[in-house]
Amino acid sequence: MKKLAMSLLVSAATLLPFTAQAADLTIWGLQAFNQQADDLITEMAVEFGKERGIDVEYVVVPGNAMTERLAAALQAGAPPDVFMQVGPQAQYYAKLGVTLPLDDILATMRAVPGGIYESTVSQVMYDGKAHALPLEVDIVPMFARTDLLKEVGMDVPKTLADLRTASQAILKANPGITAFGMTLSSANDAESFARMIVLSYGGEMFDKEGKTITWNSPETVAAYQYIADMFAEGTIPRSTLTWDDAGNNTAYQTGRTAFTINPPSIYQWMTQNDEELLANTAMIAIPAGPGEKGRSANLISSFSWLVSKDTKRPDDAKAWLNHFFEPKRYEQIIATVGGRWLPIYPELTKTMPLFKDTPAFANFDEMARNGLVDGHAGPPSATAAAIFNAKIVTQSLQRMLVDGESAEKAVAWAQAEMERLAAAQ
């Protein structure tokens, strides 16, 4: 039996080279923001390799580096055999023609008692085929410091107007704090969180057919102005322009922010490291925007597995996915992640103590079934994925916040850029 080769590389300094290694099977996984989970999946790759009698290399890649490194590997003609990406990107890679359909494995997953969360499947479909497999459901609540709210005599915000008022009061009482920790850099989190604010105001990126870009609307302009106003008054500080995907996590976990938007990795961290902060935290729905179109817009996504079309071991690649999604083994992964990933199998939310016995997760099943997907009001598409990759929304926000453009001009620029990119697809 060949010796299994394995790499657990978790920093930008050590995640080199960009091309896949010389193992029989190379797997790139997104960082789970949980070292135990990264270690467990790596161990499972070890187990899988031993069972198959092949060399397997498992590489953990930070989320904000995966797209760039995949691009380099694809350009060099040496992509990994199997890789993770955030769900909407499946459309992008499928349109590039670099992935294999995985409908057979999706059918196996759907056959598990209780099936899967079908709300995530539209993200991985391209031209009628599943070009990726959703491996979890990303629920993205708002984290709120209830102790800081109590100090200023306020309840958790139900509207974005409430959020701003509470942020102003908390900042006045605690001048050194980041009131609303909204990432405004070019990180993936920034691109996602900005969309939630716009969607909550009633803005939409596409029409229902997904053909016409509808970003430039009064609702989107109002959402941009809301962000600009909070930035100008300091309730969203300038430092958020440089945060990476872990920036808001770190700020909240160190007690330096009152509100932030994030998947439950923050919750999981608090359960292990800071019970006092956990006791003073509420996970709430995104506060609703104003007016008739205002709503609480929770975007759902997922990490997804994809298989390279150029893999020389398609059978081994698919066997790895079946190994990963085997329900008992998969449940162990979800338990170790500790709430950051909602299981793709809804039945597990009813049977796993982590979910059924934890009030903080009470609304997650409903949010998983009814959340909005990227590209709303249209379906996920390669164009929506390309827009996300180009970070057009965060670029337009930076034009407004850094360069001083008006909200109207920044939104109009974003609309034009989206249309230009769509025309090139």
Side-chain angles (χ1 to χ4, degrees), residues 33 139-184 189 193-194 196-197 200-201 223 226-240 243 246-290 294-299 338-340 342 354-367:
F33 289 98
I139 302 298
V140 188
M142 176 169 283
F143 288 78
R145 285 282 299 276
T146 54
D147 55 336
L148 297 179
L149 284 163
K150 185 177 180 180
E151 284 181 11
V152 296
M154 295 184 179
D155 296 324
V156 294
K158 291 182 170 57
T159 69
L160 289 174
D162 294 341
L163 173 64
R164 186 180 178 192
T165 300
S167 295
Q168 290 168 337
I170 289 171
L171 182 62
K172 184 177 180 180
N174 303 271
I177 204 165
T178 294
F180 181 20
M182 179 180 175
T183 307
L184 291 171
D189 277 358
F193 300 165
M196 291 187 211
I197 300 298
S200 292
Y201 261 78
Y226 173 84
I227 295 169
D229 291 343
M230 293 189 73
F231 188 83
E233 71 195 15
T235 44
I236 302 176
R238 193 173 186 85
S239 61
T240 59
W243 284 2
N248 63 320
N249 298 58
T250 301
Y252 196 89
Q253 289 163 192
T254 55
R256 293 184 289 111
T257 190
F259 304 99
T260 196
I261 303 170
N262 205 73
S265 53
I266 291 176
Y267 171 87
Q268 190 275 336
W269 182 92
M270 290 188 295
T271 62
Q272 294 185 353
N273 297 282
D274 197 330
E275 291 185 1
E276 181 179 355
L277 181 60
L278 178 63
N280 290 318
T281 292
M283 283 196 295
I284 63 175
I286 305 301
R295 58 193 165 194
S296 173
N298 177 68
L299 274 179
R340 167 62 178 84
L342 191 73
L354 173 64
F355 297 102
K356 71 182 184 69
D357 298 337
T358 307
F361 294 112
N363 297 323
F364 276 32
D365 177 73
E366 180 183 353
M367 293 168 73

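Just so you know, these numbers come straight off a predicted model, no measurement behind them. All values below come from the heavy atoms of this structure, side chains included, with hydrogens, waters and symmetry mates left out.
Side chain of Asn174 to backbone of Ile177: no donor-acceptor contact under 3.5 angstrom is found. The main-chain N or O of Trp243 is never found under 3.5 Å from a side-chain atom of Thr183 such that the two would form a donor-acceptor pair. The backbone N or O of Ala297 lies less than 3.5 Å from a partner atom in the side chain of Ser200, making a donor-acceptor pair. The closest donor-acceptor contact from the side chain of Asn298 to the backbone of Ile286 lies at 3.5 Å or more, if one exists at all. No donor-acceptor pair under 3.5 Å is formed between the side chain of Thr178 and the backbone N or O of Phe180.
The shortest heavy-atom contact between Tyr267 and Gly338 is CD2-O, 4.2 Å. Smallest separation of non-hydrogen atoms from Asn248 and Gly181: CB-O, 3.8 Å. Taking both residues in full, the closest heavy atoms of Met182 and Thr240 are given as O-CB, 3.2 Å, listed atom of the first, atom of the second, then distance. Of all heavy-atom pairs spanning Gly289 and Leu160, the tightest one is CA-CD1, 4.0 Å. When all heavy atoms of Arg256 and Thr254 are compared, the pair lying nearest together is NE-OG1, 2.9 Å. For the residue pair Ala144 and Ile284, the shortest heavy atom distance occurs at CB-CD1, 4.4 Å.
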Exercise for the section: Tell me, with the steps shown, if Val140 and Ile261 meet side chain to side chain contact (heavy atoms under 4.5 Å, CB included). Expected result: CA-CA 7 Å; Val140 188; Ile261 303 170; 3.4 Å; yes
Exercise for the section: Could you please spell out the steps behind the side chain to side chain contact (heavy atoms under 4.5 Å, CB included) verdict for Thr257 and Phe143? Expected result: CA-CA 10 Å; Thr257 190; Phe143 288 78; over 6 Å; no
Exercise for the section: Go through the steps to decide whether Leu149 and Phe259 satisfy the test side chain to side chain contact (heavy atoms under 4.5 Å, CB included), and finish with yes or no. Expected result: CA-CA 10 Å; Leu149 284 163; Phe259 304 99; 3.7 Å; yes
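Under a cut-off of 6.0 angstrom, the local environment of CD in Gln272 is crowded, with over 12 non-hydrogen atoms contributed by other residues, nucleotides or ligands. At most 12 non-hydrogen atoms from other residues, nucleotides or ligands lie less than 6.0 angstrom from CG of Asp155. The number of heavy atoms from other shown groups lying within 6.0 Å of NZ (Lys356) is above 12.
Between Asp147 atom CG and Leu277 atom CG the span is 7.5 Å, to the nearest 0.5 Å. Between the OG1 atom of Thr281 and the CD atom of Glu276 there is a distance of 10.0 Å, given to the nearest 0.5 Å. Atom CZ of Phe193 is separated from atom CG of Asn262 by 4.5 Å, given to the nearest 0.5 angstrom. Distance NZ/Lys172 to OG/Ser167: 14.5 Å, rounded to 0.5 Å. In this structure, CG on Leu354 lies 9.0 Å from CG on Leu342, to the nearest 0.5 angstrom. The structure places CD1 of Ile227 at 11.0 Å from OG1 of Thr235, a figure rounded to the nearest 0.5 Å.
With contacts defined as side-chain heavy-atom distances shorter than 4.5 Å, the pair Leu163/Met142 qualifies. Residues Arg340 and Trp269 form no side-chain contact, since every pair of their non-hydrogen atoms from C-beta on lies 4.5 Å or further apart. Pro264 has its side chain within reach of Phe361: a pair of non-hydrogen atoms, C-beta onward, lies under 4.5 Å apart.
Here the two rings, on Tyr226 and Tyr201, have centers that are under 6.0 Å apart.
Legend: residues meeting side-chain contact (heavy atoms from CB on, under 4.5 Å) with Ala285, ordered by chain and number and at least two apart, are Ser296.
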